[in-house]
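Each remark here refers to the structure printed beneath this line.
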Amino acid sequence: MNITVCGTGYVGLVAAVVFASKGHRVIGLDIDECKISLLRGGASPLFEPGLEELMAKSSCNLEFTADYRKAYESADVIFVAVPTPEKADGSAELSYVMQACDQIAESRERGCIVVVKSTVPPGTNDRIQAYFDDIAGSAPGRRFNVVSNPEFLSQGTALRDMLYPARIVVGVQDDDAADLMRALYQPFDAPVMVMDLRSAELVKYASNDFLALKISYINEIANLCDVVGADIERVAAGMGADPRIGDKFLRAGIGYGGSCFPKDTKALHWLSTCHGHEIKTIKAAIEVNTAQKTMLVAKAKERYGSLAGKRIAVLGLTFKPDTDDLRDAPSLDVVRMLLDEGAQTVLYDPCGMPAFEGRYPASLGVLEYAGDPYEALRDSDMAFILTEWEEFASITADQYRSLMGTPEIYDGRNMYSLDAFRGTSVRYVSIGRPVVE
Ligand SMILES: NC(=O)C1=CN([C@@H]2O[C@H](COP(=O)(O)OP(=O)(O)OC[C@H]3O[C@@H](n4cnc5c(N)ncnc54)[C@H](O)[C@@H]3O)[C@@H](O)[C@H]2O)C=CC1
Ligand SMILES: O=C(O)[C@H]1O[C@H](OP(=O)(O)OP(=O)(O)OC[C@H]2O[C@@H](n3ccc(=O)[nH]c3=O)[C@H](O)[C@@H]2O)[C@H](O)[C@@H](O)[C@@H]1O
């Protein structure tokens, strides 16, 4: 099949590469010329494990362009994977999706299947269909058939998630679209769940928001552990052993970040409120997450009152490991709080520093960037761990002690066992677990 994927970001690029790897002829389209020139040179503009390798292997089926007319004119199927970020009121910004639809209609003599992979609120694809019907009129062969195909990949494991999905959700309006989507996904060996457009759209929000709620729930239980003297790792393990609960997404920490949980919780809350049906649990998940991001700084302040003049090493900036993405990362809030406190802050992240430096250049003189975690830790008073990168797991209590003056670790991701610090004179503070002194 000739497939065009509009948007070569985390979802679009992975989809383009995966479809090309399955033997389709794929054009990846983006308005960002820099991304396109990198992609044409065989380099991925984003960090996603294994992506560049599969891109190289599938290169004979892959083409990249910034020319939308060329990209759209002869595609059999067009996937739309453009951003739907949060607007100031919490609702989803749909202008990128609508612009893509405009450009599709403008570029084509004949209609085709337009698959919306972007996360859009229930009812959006019906509106897109009406919009296409309006633009295309009733000319024979000009009907655009809108399909909803929400994406469930996670950054850092995007390739595996798209190649081996747990399920594929497809919202359609007729059998032709259902048959085409089933054929397209037949080689993926996953259940294809065909439903109406609005249900498919809502599966996406309901899934993300349920996971966000699960994280906020375990974070609240972790905060209760602090108060009653329990250990959240043991509590979560005990809960997760019940298959009705499951052990996934029960990792307590300083809150969820990323490009989707924060915006998708707010968008669903906004939508439900507009319909006079506020989802109270989602509102609670959002509030808990906002408060959770302040937890580490609060724990340090509880001990010292003020953090002014303290030298603090921040390990990890991205919203999760194995990505270079800083969107809504808790580090953005934590570093701002540390700067407001007057702390001297030195940062290290294996992938996220270029993007962080774009926001906080070293030349401003308010913070420093280190070349590795050991340089960041040297002579610091405290270490704040904000992302559980594998690289940090191998730093031993001895190394913390020899590099730092009076070693004190505030671990926002519970990445070490308490035993690693017992009897080492390193003070280890984590989330929902007893302090090791
Ligand atoms: N990032 C993720 O892990 C996931 C994201 N999603 C959803 O997928 C959608 C895309 O997300 P990401 O890939 O993260 O976004 P992204 O920001 O990484 O990439 C979007 C790309 O679309 C391009 N673009 C914007 N307008 C365009 C147009 N008219 N024509 C061609 N290209 C255009 C942008 O330049 C950008 O490169 C969002 O709705 C998001 O909620 C869904 C599942 C996972
Ligand atoms: O719509 C999306 O964009 C995607 O959002 C999430 O994927 P992603 O944001 O890439 O990463 P997750 O692994 O879900 O982590 C999100 C945040 O939750 C945090 N988290 C995750 C799990 C956990 O147990 N505890 C926890 O605090 C992570 O540290 C991270 O900040 C979902 O997991 C994907 O299914 C979905 O497709």
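We count residues from 1, following the sequence as given. One-based numbering, in listed order, for ligands and for the atoms of each.
Within 4.0 Å of ligand 2, counting heavy atoms only, the contacting residues are Glu151, Phe152, Leu153, Ser154, Gln155, Lys204, Asn208, Ile215, Phe249, Leu250, Arg251, Tyr256, Gly257, Cys260, Phe261, Phe319, Lys320, Arg413.
In the vicinity of Gly7, heavy-atom distances shorter than 4.0 Å reach the ligand 1 atoms 21 (C), 22 (O), 23 (C), 31 (C), 32 (N). Near Cys6, meaning under 4.0 Å from one of its heavy atoms, ligand 1 places the atoms 28 (C), 30 (N), 31 (C). For ligand 1, the atoms lying closer than 4.0 Å to a non-hydrogen atom of Gln155 are 1 (N), 2 (C), 3 (O). Each of the atoms 3 (O), 44 (C) of ligand 1 lies under 4.0 Å from some heavy atom of Leu153. Less than 4.0 angstrom separates some heavy atom of Lys35 from each of these atoms of ligand 1: 36 (C), 37 (O).
Counted by atom type alone, Glu201 and Asn125 present one or more donor-acceptor pairs between their side chains at under 3.5 Å. Side-chain contact, Gln173 with Gln129: a donor N or O sits under 3.5 Å from an acceptor N or O. Using modelled atom types and a 3.5 Å distance limit, the side chains of Asn219 and Ser216 yield no donor-acceptor pair.
Identified under the salt bridge (charged side-chain N to carboxylate O under 4.0 Å, His left out) test for residues 244-269, with sequence neighbours left out: Glu86-Lys266, Asp242-Arg244, Arg251-Glu388. For the ring-ring contact (aromatic ring centres under 6.0 Å, His included) condition, the pairs that include at least one residue of residues 70-117, sequence neighbours left out, are Phe19-Phe79.
Counting protein heavy atoms only, atom 15 (O) of ligand 1 is closest to Arg327 NH1, 3.9 Å.
Ring centroids of Phe421 and Tyr416 are separated by less than 6.0 Å, placing the two rings close together.
Proximity annotation for atom 27 (C) of ligand 1: of Asp30, Val97, Val82, Leu29, Val82 comes nearest, heavy atoms only. Looking at Val14, Thr8, Val11 and measuring to atom 13 (O) of ligand 1, the nearest heavy atom belongs to Val11.
In terms of the ring pair (Phe, Tyr, Trp, His ring centres under 6.0 Å) criterion, residue partners of Phe356 (sequence neighbours excluded) are, by chain and number, Tyr360.
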Before giving the answer on salt bridge (Lys or Arg N to Asp or Glu O under 4.0 Å), spell out for Arg303 and Glu408 the whole-Å C-alpha distance, their side-chain angles and the decisive distance to 0.1 Å. CA-CA 11 Å; Arg303 184 166 161 85; Glu408 198 172 358; 3.1 Å; yes
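For the pair Val297 and Phe384, the minimum side-chain heavy-atom distance is below 4.5 Å.
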